[in-house]
Amino acid sequence: MKAVLKKVPDLDRREFLAYSAKAFLGVGLMPLAVRSTAFAGAAAAKAPTAKNVIYLYMAGGMSHLDTFDPKADRSVRGPVEAVSTNVAGIQISEYLPTIGKQMDKLAVIRSLSSTQGAHEEGRYFMHSSYTKRGTIVHPGIGSWLSKMDGNRNPNLPGVVHVGSTNPGGGNGFFEQRFAPLVIGNPEAGLQNSQIRKGFSEEEFHDSVMLTNAFDAEFHRKYNQKKTRAYTDMYDDAIKLMKSRDLAAFELEKESKNVRDAYGTNPFGQGCLLARRLVEHDVRFVEVTLGGWDTHTNNFERVEENAQVLDQALGTLLSDLEQRGMLEETMVVLATEFGRTPKINDNDGRDHSPTAFSCALAGGGIRGGQVYGETDTTGKLVSGKKVMVPDFNATIAYALGIPLEKTVYSPSGRPFRVADKGTPVMGVFG
Amino acid sequence: MSAFHRIAATIFLGVIFSSVSFGKAVDFERQIQPFLEKKCYRCHDEEKVKGELRLDSPEGILAGGEYGDILIPGDPNESSIYLLTTYPKDDPDYMPQKGKGLTKSEQSLLKIWIEEGATFGEGFVHVPEPKVKAKFEEADPSTERNYMITGEAVEIVARLRESGIQVDTVNHDSSLFEVSYTYADRVAGSFDFETLGALKDSLVKLTLARTEVSSEDLSTIAGFARIEFLDLSRTSVGDDALGHVAKLENLKYLNLRDTSVTDEGLKKLAGLKQLEKVYLWGSAVTASGAKRLEKSLSGAEVNVGSELRAPRRAGQRNS
């Protein structure tokens with residue numbers, strides 16, 4: 001609070017309102033009338049409308065310098081050109097031409113900053129807002145959403161991860177039912193989700209009943225959260241097998257044109273799968289694109305990766321837009337850290353967590369803007385620093401998850417969705 | 001072994017294990033209590049009781065604090081009395097918050113004491129007070145948003161949810177509601193929106209996507225004059241439904257994608273001057289039909305979409 005007051009004199013009105021909003025974020029327990037006015041005043045811009053998230057994770061540390069934050073200085077920039085976008089005054093890398101045509105939908109944050117410089121730790125921090133510790137596993141933001149706000153679709157899991165066997169955020173200390181469903185290969189769809197061939201519906205029913213009969217005594221005796229979670233899992237699986245929503249996983253229902261538009265690679269198809277899942281009211285879908293750890297041969301490798309990202313994200317944004325889904329779907333582009341301005345002897349760039357870029361679109365985001373800036377080299381943030389928990393607080397705020405709500409781990413320790421992060425109000429409305 | 005050897009061995013072990021006694025159980029009164037007194041009592045005794053926790057008696061330690069138990073005999077890593085002292089000093093949860101922290105050897109004594117079962121000596125008999133209610137509970141594991149719903153709305157919402165209708169408050173405004181019928185399993189003709197009557201003045205978003213809703217069902221929709229967001233996508237509604245929709249004078253967002261509406265039906269919306277966005281992808285509406293509506297509604301975006309295409313790129317590789 002003290003820090004907020006100190007900053008006030010330097011702020012313009014809009015920012016002051018944003019700060020008031022932060023100060024008022026603890027209003028969850030205030031009476032109705034007060035709460036509404038507090039937000040009416042704070043939200044000079046429109047209140048965000050996000051319900052679902054498509055979270056694109058660039059594993060390995062996406063070079064901000066060669067994508068969303070190109071620098072004028074040739075020794076930093078290397079061979080990459082900065083090019084204009086469809087928003088006057090905003091330039092991004094030539095590697096992202098399709099995304100450049102959608103800049104009016106994107107808010108690029110150039111002033112992200114992390115305290116974690118190693119992949120595993122950085123990814124963990126990015127997903128959970130907490131640093132990694134030996135004694136507890138923190139839930140990822142998708143599991144928070146599922147826990148705090150429920151599933152929309154009763155037949156499908158609330159959180160799905162595509163394309164990574166080691167996603168950054170799981171259910172942590174939350175119950176198993178808030179865990180993400182992990183799909184390795186989007187084109188293979190959901191494995192083992194049909195009744196086995198030659199096994200009739202009736203036989204299947206009988207075998208489930210038999211299992212239940214065997215288990216009944218055990219469940220009566222050990223009626224605990226963990227045993228219940230186990231049966232919940234069976235029930236959920238059966239519900240899913242019989243659901244019409246299973247079709248959400250079937251990419252072959254899409255035309256060849258659409259599939260090609262997203263890119264005939266796992267990430268592109270993963271983004272298409274994400275769109276299909278969100279259409280079926282899955283609330284949080286994460287799709288991972290690896291290969292950004294460019295210690296060697298940075299420019300060639302970034303270009304290759306950027307091409308996959310550019311096509312998939314560019315197509316995803318147009319597709320969501322024309323289906324009317326951007327109103328309620330927030331697209332997040334995130335990574336664990338950026339890369340050094342110094343180009344090393346192997347023509348690579350090393351880890352640089354002090355400044356990097358992420359981007360947001362949809363769900364109430366005001367597109368066509370760049371928030372924050374880095375110094376002339378891109379090594380340090382020079383304005384409007386956004387720490388990792390602040391970034392997650394922004395996503396949580398957009399979704400309407402109460403930031404001040406404390407949830408206790410089984411050992412009784414208090415945790416919040418974005419730790420002590422405060423949302424970046426400037427990206428909304 | 002000579003006396004000299006014994007002394008030397010004791011000194012040697014003393015150096016290695018510090019004050020940890022070897023082979024003998026840690027004694028609470030003699031080895032634990034003294035440093036608790038020095039480092040913890042200033043905040044956790046009968047005068048201060050920070051965090052509703054007292055550490056100045058075995059009863060206090062066993063009773064736990066604001067956040068529940070602090071000692072799980074046998075499991076130091078679940079016992080916050082030990083765990084929090086091992087955090088980095090700049091961690092907000094580190095204990096003690098004031099004064100000097102526990103030394104490495106004090107930490108390890110505490111750890112071993114807990115591992116050994118955390119007993120308070122032979123003379124101590126613990127008579128636990130009957131616990132009325134645990135100090136904390138898991139957050140409500142229900143599958144719907146409940147934290148913004150207050151007052152008389154609680155009952156109304158519960159009743160609607162029972163019938164399969166999803167009801168939520170709008171993000172950041174607990175006085176406004178949104179409703180979805182997508183998973184309510186209704187057949188055409190049985191949507192009776194009258195049951196939403198109690199939300200008449202607060203319903204701003206209505207989702208009927210992927211339902212069997214019919215034009216007839218929509219005939220009562222005009223009663224919900226505050227609706228700003230209406231999703232009819234992926235339903236079989238056609239032009240006649242738009243006659244009802246046209247009565248929603250506050251409507252800003254209308255999703256009609258994958259429906260059977262046509263250019264002709266779209267004309268009925270020409271009077272909705274406040275409309276901001278209309279989505280028609282997959283409907284029978286043509287680009288010129290959309291243009292016409294856009295013209296009669298100044299400032300609205302009427303989106304018919306276009307076939308997605310792979311972006312063209314010089315020297316593109318096929319992966």
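Since we're looking at a predicted model, the values are computed, not measured. All chains are named by letter (A, B, ...) in the order of the sequence lines, taking the proteins before the strands, and each is independently numbered beginning at 1.
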If the threshold is 4.0 Å, N to carboxylate O, is there a salt bridge linking B:Lys205 and A:Glu328? yes
Cut-off 4.5 Å, heavy atoms of chain A, and the answer for B:Thr182 is both
Q. Stepwise, does the salt bridge (Lys or Arg N to Asp or Glu O under 4.0 Å) test hold for B:Glu178 with A:Lys51?
A. CA-CA 12 Å; B:Glu178 54 184 85; A:Lys51 271 196 141 19; 2.4 Å; yes
*Apply the test side chain to side chain donor-acceptor pair (under 3.5 Å) to residues A:Asp281 and B:Tyr183: give CA-CA distance (whole Å), side-chain angles for both, the deciding distance (0.1 Å), then the verdict.*
CA-CA 10 Å; A:Asp281 300 299; B:Tyr183 300 97; 2.7 Å; yes
Whatever's closer than 4.5 Å to a heavy atom in chain A on B:Asp231 counts as neither
Within 6.0 angstrom of B:Asn250 CG, more than 12 heavy atoms from elsewhere: yes
In terms of heavy-atom pairs under 4.5 Å with chain B, the winner among A:Thr135, A:Ile136, A:Asn153 is A:Asn153
Applying a strict 4.5 Å limit to non-hydrogen atoms, the region of B:Arg234 in contact with chain A is side chain
**Asked** Do the non-hydrogen side-chain atoms of A:Gln322 and B:Leu308 ever get within less than 4.5 Å of each other?
**Response** yes
If one checks every heavy atom of A:Arg133 against chain B at 4.5 Å, the contacting part turns out to be side chain
Q.
Looking at B:Glu78 and A:Arg413, is any side-chain nitrogen of the basic one under 4.0 Å from a carboxylate oxygen of the acidic one?
A. no
Between the CG atom in A:Asp245 and the CZ atom in B:Arg210, the distance rounded to the nearest 0.5 Å is 5.0 Å
Exercise for the section: Check whether any side-chain heavy atom of B:Arg309 sits under 4.5 Å from a side-chain heavy atom of A:Val258, and report yes or no. Expected result: no
Turns out that what part of B:Ile70 lies under 4.5 Å from chain A's heavy atoms comes down to neither
Query raised in the report: Side chains of A:Thr49 and B:Phe229: does their closest heavy-atom pair fall under 4.5 Å?
Result: no
Notebook entry, point to check: Where do A:Glu327 and B:Lys252 land on the side-chain contact (heavy atoms from CB on, under 4.5 Å) test, with the steps shown first?
Noted result: CA-CA 12 Å; A:Glu327 183 85 3; B:Lys252 292 179 181 162; over 6 Å; no
- Task: Would you confirm whether A:Gln311, through its side chain, and B:Ala310, through its main-chain N or O, come within 3.5 Å as a donor-acceptor pair?
- Result: no
Flag the pair B:Ser233 / A:Arg323 as yes when at least one side-chain heavy-atom distance between them is below 4.5 Å, and no otherwise. no
The interface call for A:Lys101 against chain B, heavy-atom contacts under 4.5 Å, is neither
Item checked: Residue B:Glu301 excluded, over 12 heavy atoms near CD under 6.0 Å -> yes
Between B:Asn171 and A:Ala398, is there a donor-acceptor pair closer than 3.5 Å when you use the side chain of the first and the backbone of the second? yes
Q: Kindly indicate whether the side chain of A:Glu321, heavy atoms from C-beta on, has any atom under 4.5 Å from the side chain of B:Tyr279.
A: yes
The interface call for B:Leu83 against chain A, heavy-atom contacts under 4.5 Å, is side chain
Taking B:Tyr253 for its side chain and A:Gly324 for its backbone only, find out whether a donor-acceptor pair lies under 3.5 Å. yes
Bottom line for B:Ser306: the part with an atom under 4.5 Å from chain A's heavy atoms is both
